[in-house]
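Keep in mind that the numbers below use all heavy atoms, side chains included, and drop hydrogens, waters and symmetry copies. As the structure lists them, so they are numbered: ligands from 1, and atoms in each ligand from 1.
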Amino acid sequence: MRHRIAVVGSGPGGLTFARVLHRHGYPVAVLERDPAPDARPPGGTLDLHEGLGQLALDKAGLLAEFQALSRPEGQAMRILDADGTVLRDWRPRPDDRANPEIDRRQLRDLLLGPLDVQWGRGVKEVVPEARDGVLVHFADGRQETFDLVVGADGAWSRVRPAVSSVTPHYTGVTSVETSLDDVDTRHPDLARLIGDGSVAVYGANRALVAQRNSGGHVKVYARFRAPLDWHTNLDLADAEAVRSSLPALFDGWAAPVLDLFRRGTAFVHRPLYVLPVSHTWTHVPRVTLLGDAAHLMPPLGAGANLAMLEGAELAESIAAAPGSDDLDDAVRVFEEQMWARAGKWAQITTAGLERLVSPDPTEALALFDQVQPS
Ligand SMILES: Cc1cc2nc3c(=O)[nH]c(=O)nc-3n(C[C@H](O)[C@H](O)[C@H](O)COP(=O)(O)OP(=O)(O)OC[C@H]3O[C@@H](n4cnc5c(N)ncnc54)[C@H](O)[C@@H]3O)c2cc1C
């Protein structure tokens with residue numbers, strides 16, 4: 001018996017789920033709001049951990065391709081003082097495959113492979129207790145029924161309200177992102193500062209992080225504690241205004257450090273929201289969540305990894321569940337496993353954010369030494 005299954009969202013979690021089901025010969029409808037794969041810029045590089053994202057890719061039969069595409073040297077991490085002094089300069093061994101980096105676009109294309117995503121199919125609402133299964137209402141007014149709907153639709157999930165009334169809350173830390181292109185030719189001084197991987201600078205309640213992606217592209221994140229409306233007198237769409245006013249928040253920082261940000265092209269404001277640590281819900285037959293939709297946490301290297309492993313595990317359990325009771329049992333077991341693991345990571349990343357954007361910048365250094373002893 002083949003269940004009618006839909007996954008909402010074609011992020012790392014939704015695509016891994018669909019790809020592993022596909023590997024088991026199982027059809028799945030992938031419903032994505034974006035009108036096309038490249039409708040939005042894909043976001044920064046992702047490090048995929050051996051026991052999480054890489055395990056998920058193994059379950060999808062894609063580990064060898066990932067290893068060929070990924071950048072182990074991108075694990076390098078340098079920490080500077082606000083005056084530009086190098087405090088730590090950690091480089092991976094040549095054979096270190098623990099957390100290699102991959103561009104999001106490359107990961108997406110790898111996962112997409114033979115999948116037939118339904119682009120431009122934004123979901124508005126999911127109603128679990130319909131007569132013939134779970135009813136999906138689309139933004140364009142159409143509707144469709146499935147035996148199981150998996151919400152992999154990220155932070156502002158439209159599937160989540162079918163199982164939980166909880167919504168994300170602001171962490172008190174916001175982020176302004178920018179990027180540098182062709183860094184090695186256009187900004188060789190900054191390329192040297194960044195090295196092969198990332199560079200981070202920590203000050204009181206603020207941090208600047210620059211991360212190398214492939215092809216000389218660098219993403220730069222300025223993170224600081226501020227109320228949500230900190231920018232009322234600043235037009236964030238006006239790049240020149242942001243470029244000239246943001247350095248005031250990093251008063252006293254050395255020019256080469258500030259240049260990481262000042263030479264950026266466009267600026268995007270992204271306040272950091274999270275779901276409560278250990279968010280769970282009373283099981284609702286025929287609907288479940290995975291990834292950020294289930295456990296949005298601070299962006300400290302776990303979210304995509306967890307979403308992918310959850311997608312792979314749920315797909316494998318479904319493929320082994322022949323009847324509808326088995327399907328519901330498989331989802332229940334999956335949820336328990338997801339909640340336990342995600343709860344631990346939510347604690348780790350929440351505590352991590354407190355220390356990385358802390359009144360005492362030595363906290364960030366201490367955390368680095370704990371995680372990455374030389
Ligand atoms: C700056 C930054 C750096 C990060 N670095 C890392 C890292 O190094 N490692 C790591 O593991 N994690 C990292 N993360 C976290 C990671 O990006 C997320 O946890 C991950 O993308 C979650 O995957 P997902 O599939 O659950 O959701 P998403 O990636 O958010 O994908 C959701 C998809 O659903 C679609 N969608 C949304 N609403 C609807 C709707 N109503 N109908 C249909 N489709 C919809 C969206 O268009 C999107 O395609 C980082 C996050 C940030 C912000």
Side-chain angles (χ1 to χ4, degrees), residues 6-18 29-49 52-54 56 70 74-75 77 99-104 107-108 111-112 117-126 136-140 149-162 168 171 173-179 197-198 207 209-211 213 219-223 268-275 289-312 338 342 345-346 349 353:
V7 59
V8 183
S10 69
L15 285 184
T16 310
F17 172 72
V30 186
L31 312 171
E32 168 56 49
R33 180 183 56 188
D34 285 349
D38 289 319
R40 282 181 296 129
T45 179
L46 291 170
D47 64 320
L48 296 190
H49 308 198
L52 296 172
Q54 291 187 54
S70 63
Q75 298 171 92
M77 179 82 200
N99 305 295
E101 297 279 344
I102 186 165
D103 287 8
R104 280 181 199 249
L107 178 65
R108 182 203 63 200
L111 288 167
L112 269 178
V117 173
Q118 299 180 30
W119 303 102
R121 295 216 78 193
V123 167
K124 200 171 117 205
E125 192 189 4
V126 167
V136 174
H137 291 278
F138 291 93
D140 63 7
V149 171
V150 177
D153 51 343
W156 304 102
S157 170
R158 289 299 191 111
V159 183
R160 192 191 302 121
T171 54
V173 176
T174 196
S175 175
V176 178
E177 294 179 18
T178 189
S179 55
S198 302
V209 179
Q211 262 189 324
N213 293 234
K219 286 261 184 292
V220 183
Y221 307 93
R223 292 188 178 142
V268 183
H269 182 219
R270 276 195 224 287
L272 302 186
Y273 282 84
V274 290
L275 284 167
L289 306 174
L290 60 78
D292 281 4
H295 48 65
L296 179 66
M297 58 186 76
L300 299 181
N305 279 276
L306 292 171
M308 290 173 68
L309 186 55
E310 290 156 10
M338 169 176 64
W345 278 100
T349 53
L353 184 66

Peer 1: How would you list, by chain and number, every residue that makes a side chain to side chain donor-acceptor pair (under 3.5 Å) with T178, sequence neighbours excluded?
Peer 2: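 Partners of T178 by the side chain to side chain donor-acceptor pair (under 3.5 Å) criterion come out as none, since no residue qualifies.
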
Peer 1: Output the set of protein residues with a heavy-atom contact under 4.0 Å to ligand 1, ordered first by chain identifier and then by residue number.
Peer 2: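 Around ligand 1, where the cutoff is 4.0 Å for heavy atoms, the contacting residues are V8, G9, S10, G11, P12, G13, L31, E32, R33, D34, R40, T45, L46, D47, R104, R121, G122, V123, A152, D153, G154, R158, Y221, R223, G291, D292, P299, G301, A302, G303, A304, N305, A307.
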
Peer 1: Going by heavy atoms in the side chains, are L272 and P299 under 4.5 Å from each other?
Peer 2: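 Counting from C-beta outward, L272 and P299 do come under 4.5 Å.
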
Peer 1: Looking at N99, is its backbone amide N or carbonyl O close enough to the side chain of D47 to form a donor-acceptor pair, meaning the two atoms are under 3.5 Å apart?
Peer 2: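 No; judged by distance alone, with no hydrogens or angles, the pair does not exist.
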
Peer 1: Quick one, D153 and V123 - any side-chain contact, counting heavy atoms below 4.5 Å?
Peer 2: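 Of all side-chain heavy-atom pairs linking V123 with D153, none is under 4.5 Å.
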
Peer 1: Could you pull out all residues at least two apart from T174 that satisfy side chain to side chain donor-acceptor pair (under 3.5 Å)?
Peer 2: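 Residues passing side chain to side chain donor-acceptor pair (under 3.5 Å) with T174: H269.
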
Peer 1: Kindly write out the residues that satisfy side chain to side chain donor-acceptor pair (under 3.5 Å) with E177, not counting sequence neighbours, or none if the list is empty.
Peer 2: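 For E177 the side chain to side chain donor-acceptor pair (under 3.5 Å) partners, ignoring immediate neighbours, are R270.
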
